[in-house]
Structure formats: C-alpha cells, structure tokens
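First up is the structure itself, then whatever we jot down about it.
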Amino acid sequence: MDHHPRIASARAAKITILPTAEEASQFVAERLVTLVQANPTCRLGLATGQTPRRVYAKLVAAAQDEKVSFAKVETINLDEYCGLEQSHPDSFAAYMHRELFSGASFDTSKINLIDGAAKDETAEAARYAALVRSRPVDLQLLGIGTNGHIGFNEPGSPVTSRVRIVELSPETLVVNQQTLLQLDRVPTRAITMGIADIIDAREIVVLATGAAKAEAIRKSLSGQLGEACPASLLQIHGNVHWVLDKGAAQLQ
Ligand code: PGA
C-alpha cells in the first residue's frame, strides 16, 4: 500500500489522498499545529461534525504534550442549530468545548460561537455577520455534507451568501439524525456562515473521509461549478487543500 500522500492539482485546488481516515486526520492536524506554531495568534475557522473529531483529538494531544499552545488563538465557528442553548449537548458550542476547547486549553475569551438560543435570531445572525466580516480567518477547516454542503450552506446557496438563518435540507436532517446525543429530532433551522464568508479565508482545508462522501467530492472537483453542489464553489478560491481518504477519493 502506498503510504505517501498523492498530491495532484485540480484547478487551483491541491488534493492529498491518504489510505485511511486516521492518516488524513493526522495530516490535517499537523497542518493546523504547524500554522499555530508559526503564528500563535492566528485566527482559525472551525467546523463540527463527525469528520473533524479525530483532528481535534490530535490537537488536544499535541497541546497536552506541549508541542503547541492554543492560548492566543482566536476561533470562529461555522454554524449552529437554532433553538439550542450552548450548554445543550447537541449544540455545536457544546461539541466544540467537549472535543477541542477544554482539552486543548483555548482561551474562552477568544472563542466565537453563535448563540443558537438567542431570542432574536435575526439580531444574532446580524451580530455574527458583522463579527465574521471584521475577522477573516487565516485557515478555515471544513467538512462536506453528502449533498455537498459546507457549513449549513445547502444546495442552492449563492456564492455571495453571508451569515444568515437557513432551513436544513431533508438529506441533512436524515444524516444528522444519527449524530444526536439527546434530542429526538434534528433542529430544522440553523445560523451559518455563508459561502462568501468561507471564501474570505486565507487558506481552506477540506477534510473528507469515507465512501459516503465520494460523490460530493467528485462533483466538487469535477471542474463544474454551481450552487447545486456548494463545495464546488470553493474552486474560485486560490488556496484550497482537499485532504481525502481512499473512500472519499474513490470516484476521482
Ligand atoms: P460530518 O459532517 O463530518 O458529520 O460528515 C460534515 C458536514 O456536514 O459538513
């Protein structure tokens, strides 16, 4: 088995294919650690979901081994379900504290999260929109949905979209149902950064693992670009690195 990363160029994108999800996650974690070592006050755009959990576990281990300090790093999260308190175990805020922030000793005053339980959701979206616009990130970490979504920018999201309240697609509701810890049903609405906000990042790293992502990856990297597959819109960004395991890359 070839254990060396295969790097090819598709449009402006860089693609690294590794044999396993573990190795792909290690590769991404090393990129993040290298960035923070070089720039301890950098700003990271962070994602939730099953995919980045391995990456976050490795960042926690690196911080606990004192290979890197996240004490001065600022973070901005991509999205949040509407209607959940940040303390609710199914909120993305709780996920971030559980999977990364607590174990890796982030400074809570430098963490930016959406308040999904805000009484005035429109005002909360406007607050976050202004915050995101004023703080472009050095590196945005992304997963990808089976329908090609990035953040909660579902198919049909315009390339010009900014932070806003969205309805989740039926496919996302089904997929995310399996990830719930306490809720019976996935919330149907969310606040998400837009495609244009994501594209403002200096560098973007997309991590995708498993065969369920192969079709979304194929569409994203086919060279065709359109709202039907939101991740394909990343092709207009000049510095996107796609890190895939063999399953996610199998239709390349
Ligand atoms: P997943 O989600 O990592 O749980 O597959 C990715 C996403 O929906 O962006």
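Counting starts at 1 for both ligands and their atoms, in listed order. Nothing here was measured: the structure is a model prediction, and the numbers come from that model.
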Please write down residue, atom name and distance for the protein heavy atom closest to [atom].
| atom | result |
| --- | --- |
| atom 8 (O) of ligand 1 | His149 NE2, 2.6 Å |
| atom 3 (O) of ligand 1 | Thr51 OG1, 2.4 Å |
| atom 6 (C) of ligand 1 | Ile144 O, 3.5 Å |
| atom 5 (O) of ligand 1 | Lys213 NZ, 2.6 Å |

Worksheet item: Can His241 and Phe27 be said to form a ring-ring contact (aromatic ring centres under 6.0 Å, His included), step by step?
Response: CA-CA 11 Å; His241 194 157; Phe27 186 94; 5.4 Å; yes

Practice prompt. Decide yes or no on ring-ring contact (aromatic ring centres under 6.0 Å, His included) for Phe101 and Tyr56, but give the supporting numbers first.
Written response: CA-CA 9 Å; Phe101 295 150; Tyr56 294 154; 8.0 Å; no

Discussion item. Using a 4.0 Å cut-off to any heavy atom of Gly49, which atoms of ligand 1 qualify?
Written reply: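 By the 4.0 Å cutoff, the relevant atoms are 3 (O), 4 (O).
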
Practice prompt. Using a 4.0 Å heavy-atom threshold (strictly under), name the region of Thr179 that reaches ligand 1: side chain, backbone, both or neither.
Written response: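 It is neither; nothing of Thr179 touches ligand 1.
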
Practice prompt. Identify the two heavy atoms, one from Ala249 and one from Leu244, that lie closest to each other, and give their separation to 0.1 Å.
Written response: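 Closest approach of Ala249 to Leu244: CB-CD1, 3.9 Å.
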
Fill in: Min N/O separation Gln50 to ligand 1 under 3.5 Å
yes

Item to complete: For a side-chain hydrogen bond (donor to acceptor under 3.5 Å, both in side chains) with Asn147, tell me which candidate from Lys219, Glu215, Glu154 qualifies.
Response: Glu154

Worksheet item: When rounded to the nearest 0.5 angstrom, what distance separates CD in Gln50 from OG1 in Thr209?
Response: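 The distance works out to 9.5 Å.
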
Practice prompt. Go through the steps to decide whether Arg43 and Asp138 satisfy the test salt bridge (charged side-chain N to carboxylate O under 4.0 Å, His left out), and finish with yes or no.
Written response: CA-CA 5 Å; Arg43 190 177 297 131; Asp138 294 293; 5.9 Å; no

